[in-house]
Each structure stands twice: as structure tokens, then as C-alpha cells.
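The structure displayed is predicted, hence computed values, not measured ones. Numbering of ligands and ligand atoms starts at 1, following listing order.
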Amino acid sequence: MAKLIVILGDQLSPALSALREAKTDDVILIAEVKQEASYVKHHKHKIILLFSAMRHFAEVLRQQGYTVCYYHYDQQPAMASITAAVEHTLKQQPHLNAIMLTECGEYRLQQEITCWQQTFELPVHILDDDRFLCSKAMFAQWADGRKQLRMEYFYREMRRYTGLLLDSKQQPVGGQWNFDKANRKSAPANLKAIAPLHFTPDAITLEVMALVSEHFAEHPGATDNFCYAVTGKQAREAFNHFVAEQLVKFGDYQDAMVMNEPFLFHSICSIYLNCGLLDVRWMCQKVEAAYQQDKVAINAAEGFIRQLIGWREYVRGLYWLLMPEYKERNFLNATRPLPGYYWHGDTNMRCMQQAISHTMTHAYSHHIQRLMITGNFALLSGLDVSAVTDWYLAVYADAYEWVELPNTLGMALFADDGVLASKPYAASGAYINRMSNYCQHCHYKVKESTGDKACPFNVLYWDFLARNEDKLGGNARMQLSYKNWFNKDKQQQQALRDKAAEYLIKLEQL
Ligand code: DLZ
Ligand code: SF4
């Protein structure tokens, strides 16, 4: 009774549920395939990361005595898809009489897998992905009967469930559940970033870099500056460095942005966690221990743990609860084409230039750049929802649809009519000026809303409110914004709308 165990590119965890079931006569299939590598134009770093990490992972499994069937992207015959790789392996190894895998992270591929039983006429066992703390069933049970879903209440349940940062009476240490307000300091002028750990590519990674240069030349990014971890050991080293060096400042400056500092105090470990190189429980315990040993303040430890056991698990739960219908939502009817600078960062808007150029160089930018710069701009100018979500899915090394779609479609674009966020994260240039030093280096004037050099974020912010008044005017949390809009006289309102019309026509040239 030997079975085929399929491991996907974002399932590179020794403790994966499907691997725990592996026997010595089973065959483990790992495949670099065209469909997964091209369903959006993934950044070159994302492909290098996954192919190299997959190859390293396969090596470890072989050393542990498993039989691994590994398909290289450029070998012949090339595998078009995961399904094709399964079919090919089953033909070559007809003694395999069942298929097993851990449930996959994206609805698209999960649908394909549900057909395998019929296609291959074999039993297919799909196991829960218990690398997540909250199973799909547990989330559905939590959501059942609630009028409104809010992360904060889910997060408190998860704190109780995991026992993280609780005192002996099961109350939150530090006296409150959430220290979000202490995570929003802007950066002082002399603030020095502490970079995440980088790694020199080894022979396997160099081979993959050459492969990606050859086969994915059209994809965003370059190959020569790749320096991410590609093994569990390296990823743990990078995370230990974060806890020892960066975490102390992370709490205060989680939302800050500084010119030419792509990482500031961010761990960038979502890149490793989301493909399985890190374990969420281990990460949270490390951070909790740093707090217990007085190495970091509560706002740093809680702020970090909230992202992992709160936000990350919450968006995953919502994704599976609401797919496939969720992906079709476009509450604000946003359909404007994505300007070209989203792919190269060549714009006079300094904040956009910074966020996009970091993205193109590193396949990474941090959450405030994603939400309040590129996401906010897309929201304010009404950019096409599926073009924007595809962009996020393609350009970030940590992006898989389960995490990217709710964060982009819901949180950044408010296309889900408030499922994820109680109000749109729309902000004018004043927010960006408060949280960064970008405006000091910009062609536009952040204090101006009309005139030649009016900051596009200011102009488009007012137009966004006016344009969407029928849909957003009744939102209780938007009342202050609308009051400010209605306090303007008709002439001011018209001048702002005229300027917005001008900017929207020449969006590509901003
Ligand atoms: C993102 C990605 C890429 C670029 N390439 C592969 C691949 O060649 N083989 C593979 O198994 N997985 C790859 N992945 C990750 C998958 O797209 C991911 O497992 C699914 O999107 C489900 O989350
Ligand atoms: Fe961005 Fe406006 Fe500031 Fe320029 S002035 S950096 S466009 S917010």
C-alpha cells in the first residue's frame, strides 16, 4: 500500500501533516511547474526563493531516507501543472495506489485537486493544514451567527486558545489586549534601521538564479541581488536575528517609513513563514520569551504576535469562508487600469516611487507601504480591483492568495463593503507626511490640494469621498471625513474635483 505524497511549493515544513503520514515505501512528489510559476507574473525573487527552497527541502528528505520524485522546471518532459506531474509519476510508478496531501493554500488549486480522485481513479486523502493554529472548521464555527466579524474579538480568542502573553489569571499581560496605538510612532530624523539577515546564495540557489534569468526574463525584478534564506535553518537564523536585534525597535516603528529604508525594523519573515520554512508557534514563543526576559517592551511583543495569531489567521479564515464569491467583489466599481509605474516605480510621487522601487528590488515592502501608499493610491484613484490584486499576488515574495486577497481586496480597496475593515483606509498626504520623510523629497507639495504641484493623495482623497458618497456617506466611521468635505464651499469642492479630473486623466504621468 504505497502512496504518492504531494508537497506544494508553500508546504516546505518538516512537520507538514502529509509528511507525518509518510512511510519508507511512499513516494514524495515535489514539482517545479509552469502553471504555478506563471499564473501571475511572480517576481523573480519569489520564484528563486521557492524553487531553491523546494530543492533544498527535497535534499533533506532524501537524506532522511525518503524517496523523492523531484521535477526540475527545465527538465524534459517539462511538467505543465501539479496535476500533470502527478499523472506522470503515477504512470511511471503504477504500484502507487493512493494520493495524499495537505490541503492547499489557494482556492484555484484546491478546486483542481478535488478532481484527482475521479481523474486518477485512486483515493485522495486531503489532510488539514495544521501549521495554522485555527482550522477552517474552527474559524467557521467562530464566525457562525455573528452579525459582524472583527479581528479584535477573534484575536482575543486566539490569545486565550494559545495562552500567549497571558498572566496566571488568563488575563492579557500589560493590562490590555492590544497595544496598536503604541505601534505608530513616526521615525525621527536620525533613526538608523537594523537590517534583516541576508544570505549568500549557495550552488543550488545560483543554479536556480540562472534558470529564472533564462525562463522568466519577462517577470518583474532582477535575479542577481537575491539574498533570502532558502532553508529552515537559515530562516530560523534570520528570525533569531530579528528577535535579538530588530524587535526592540519594531514595536514603536511598525508603521513608520523612511527614505531608502526598505526594511526598517521589519523581520521580513512572512516570506519564510508563508512557504513553510518557519513555524508560527516557534516564532511566537521566541517573541514571548524575549518579553518575559525583559529584552523587549510589551508593545513590540504584542504587536508582533497580534500579526501572526490575530491578523494572519483571521484573513485565512475569512478567505476560506467567503471564496469563491469573495474574489468577484468590487463594491466601489473600481475599474481604472493600473498605471505603468506600478511595475517600475518611475513616478514623481516620492512615496509611490519608494514603495514600488523597494518592491521591484526586493519583492518586499512592509505593511504600511502596501496598505497606505500603493493600496491607498489604488483605492483613491479607483484602480481595477482584479488588476490590483493580481499585482500584489505577483510582486511580493510572501504572497499567496489566501493572505493576499483579503488584505488587498478587503483591507486596502474596501471592495468587500466592509467585511474586513469597518471603513476604507483612505488617507490624504497628511498621513504619509506624518509617518514618513518622503514628502520632504517629493516633486509635489503635501500641503497643497489645488495648483500645479498639489499632492495627488490630497486631491484624489477628496474626489474619492465625493465620488463614493452614495456608498460611503452612511458609514458611521466616515462621518468626520464627510463633515470636512461638506464644510468646504461649493467653489472649493469644484476646484478639487476639477483638479482630480485632471489628475485622473493624466494618471499615467503623475
Ligand atoms: C508560487 C509557486 C511557484 C512560483 N511555483 C511553484 C511550483 O513550481 N510548484 C509548486 O508546487 N508550487 C509553486 N508555487 C506555490 C503554489 O502556487 C502554492 O502552493 C499554491 O498557490 C497554493 O498555495
Ligand atoms: Fe506622496 Fe504627496 Fe508626500 Fe509626494 S507630497 S510623497 S505624493 S504624499
Side-chain angles (χ1 to χ4, degrees), residues 6-12 29-55 57-58 70-74 78-86 101-113 129 208 211-212 215-216 219 257 259 274-276 316 319 347-355 363 369 372-374 376-377 380 393-394 396-405 427-449 453-461 503 510:
V6 180
I7 297 186
L8 300 169
D10 56 355
Q11 297 183 335
L12 308 177
L29 167 67
I30 303 180
E32 298 168 9
V33 302
K34 187 157 189 174
Q35 180 178 295
E36 294 311 308
S38 322
Y39 68 91
V40 287
K41 270 196 175 188
H42 299 291
H43 192 291
K44 292 188 183 84
H45 284 195
K46 184 176 180 184
I47 306 177
I48 298 170
L49 169 87
L50 289 184
F51 284 9
S52 177
M54 286 158 68
R55 290 181 187 196
F57 192 67
Y70 193 99
Y71 295 102
H72 289 240
Y73 191 82
D74 50 355
M79 295 298 135
S81 65
I82 301 286
T83 302
V86 170
L101 77 163
T102 296
E103 61 186 345
C104 93
E106 295 195 350
Y107 187 87
R108 163 191 68 80
L109 189 56
Q110 183 73 9
Q111 286 303 97
E112 193 173 317
I113 289 167
D129 191 347
V208 172
L211 180 149
V212 170
H215 293 272
F216 299 93
H219 287 225
M257 296 170 282
M259 276 288 290
N274 290 352
C275 70
R316 187 220 182 210
Y319 174 79
T347 159
N348 283 326
M349 294 178 281
R350 180 62 70 205
C351 52
M352 289 284 281
Q353 180 274 330
Q354 286 282 296
Q369 291 177 311
M372 299 309 292
I373 307 284
T374 45
N376 184 24
F377 187 78
L380 299 183
L393 193 55
Y396 290 114
D398 54 13
Y400 304 88
E401 199 182 71
W402 65 266
V403 61
E404 172 277 321
L405 194 68
S428 67
Y431 172 85
I432 297 169
N433 196 29
R434 188 163 67 247
M435 295 311 297
S436 77
N437 58 357
Y438 295 155
C439 304
Q440 299 160 30
H441 304 268
C442 186
H443 162 86
Y444 295 103
K445 303 271 178 246
V446 72
K447 304 273 187 224
E448 294 179 13
S449 299
K453 294 207 166 168
C455 163
F457 282 81
N458 294 344
V459 177
L460 295 170
Y461 172 77
Y503 274 179
L510 285 180

How far apart are the closest heavy atoms of [X] and [Y], and which atoms are they?
{"X": "Ile30", "Y": "Phe57", "value": "CD1-CD2, 4.2 Å"}
{"X": "Tyr438", "Y": "Ser436", "value": "N-OG, 3.1 Å"}
{"X": "Ile7", "Y": "Gln11", "value": "CG2-O, 3.4 Å"}
{"X": "Leu50", "Y": "Gly9", "value": "CD2-O, 3.4 Å"}
{"X": "His42", "Y": "Ala37", "value": "CD2-O, 3.1 Å"}

At less than 4.0 angstrom from any non-hydrogen atom of [X], what atoms of ligand 1 do you find?
{"X": "Glu32", "value": "8 (O)"}
{"X": "Ile82", "value": "10 (C), 11 (O)"}
{"X": "Ala37", "value": "4 (C), 5 (N)"}
{"X": "Gly105", "value": "22 (C), 23 (O)"}

Open item on the list: If we ignore hydrogens and angles and just use 3.5 Å, is the side chain of Asp10 paired with the main-chain N or O of Asn274 as donor and acceptor?
Closed with: no
Task: Under 3.5 Å: donor-acceptor pair, side chain of Lys46, backbone of Ala394 - done: no
Check each atom of ligand 2 against the heavy atoms of [X] and keep those under 4.0 Å away; list them by number with element.
{"X": "Gly429", "value": "8 (S)"}
{"X": "Val446", "value": "5 (S)"}
{"X": "Tyr444", "value": "5 (S)"}

Open item on the list: For ligand 1, which is the ligand I care about here, please tell me if His42 has any N or O atom under 3.5 Å from one of the ligand's N or O atoms.
Closed with: no
Which heavy atom of the protein is the closest neighbour of [atom], given with residue, atom name and distance?
{"atom": "atom 10 (C) of ligand 1", "answer": "Gly9 N, 3.3 Å"}
{"atom": "atom 8 (O) of ligand 1", "answer": "Val33 N, 2.9 Å"}
{"atom": "atom 3 (Fe) of ligand 2", "answer": "Cys439 SG, 2.4 Å"}
{"atom": "atom 1 (Fe) of ligand 2", "answer": "Cys351 SG, 2.4 Å"}
{"atom": "atom 4 (Fe) of ligand 2", "answer": "Cys442 SG, 2.3 Å"}
{"atom": "atom 9 (N) of ligand 1", "answer": "Ala31 O, 2.8 Å"}
{"atom": "atom 8 (S) of ligand 2", "answer": "Cys455 SG, 3.6 Å"}
{"atom": "atom 21 (O) of ligand 1", "answer": "Glu106 CD, 3.0 Å"}
{"atom": "atom 13 (C) of ligand 1", "answer": "Glu36 CB, 3.6 Å"}

TODO: Would you check if the distance from the ring center of Phe216 to the ring center of Tyr73 is below 6.0 Å?
DONE: yes
Task: Pair His443-Lys453, side chain to side chain contact (heavy atoms under 4.5 Å, CB included): steps then yes or no - done: CA-CA 7 Å; His443 162 86; Lys453 294 207 166 168; 3.8 Å; yes
Look at ligand 1 and say whether [X] reaches it with a heavy atom at a distance under 4.0 Å.
{"X": "Met54", "answer": "yes"}
{"X": "Tyr73", "answer": "no"}
{"X": "Tyr39", "answer": "yes"}
{"X": "Lys34", "answer": "no"}

Task: Shortest reach to atom 1 (C) of ligand 1 by a heavy atom, considering only Val403, Leu50, Asp10 - done: Leu50
Task: Test side chain to side chain contact (heavy atoms under 4.5 Å, CB included) applied to Arg55 and His72, step by step - done: CA-CA 9 Å; Arg55 290 181 187 196; His72 289 240; 3.2 Å; yes
Task: ligand 1 contact on Arg108 by region, counting heavy-atom pairs under 4.0 Å - done: side chain
Task: pair Ile373-Met352: side-chain heavy atoms closer than 4.5 Å - done: yes
Open item on the list: Are the side chains of Leu8 and Glu106 in contact, using a 4.5 Å heavy-atom criterion?
Closed with: no
Open item on the list: Can you confirm whether the side chains of Glu112 and Thr83 place a donor and an acceptor under 3.5 Å from each other?
Closed with: yes
Open item on the list: For Tyr319 and Glu401, which I'm curious about, is there any donor-acceptor pair between the side chains at under 3.5 Å?
Closed with: yes
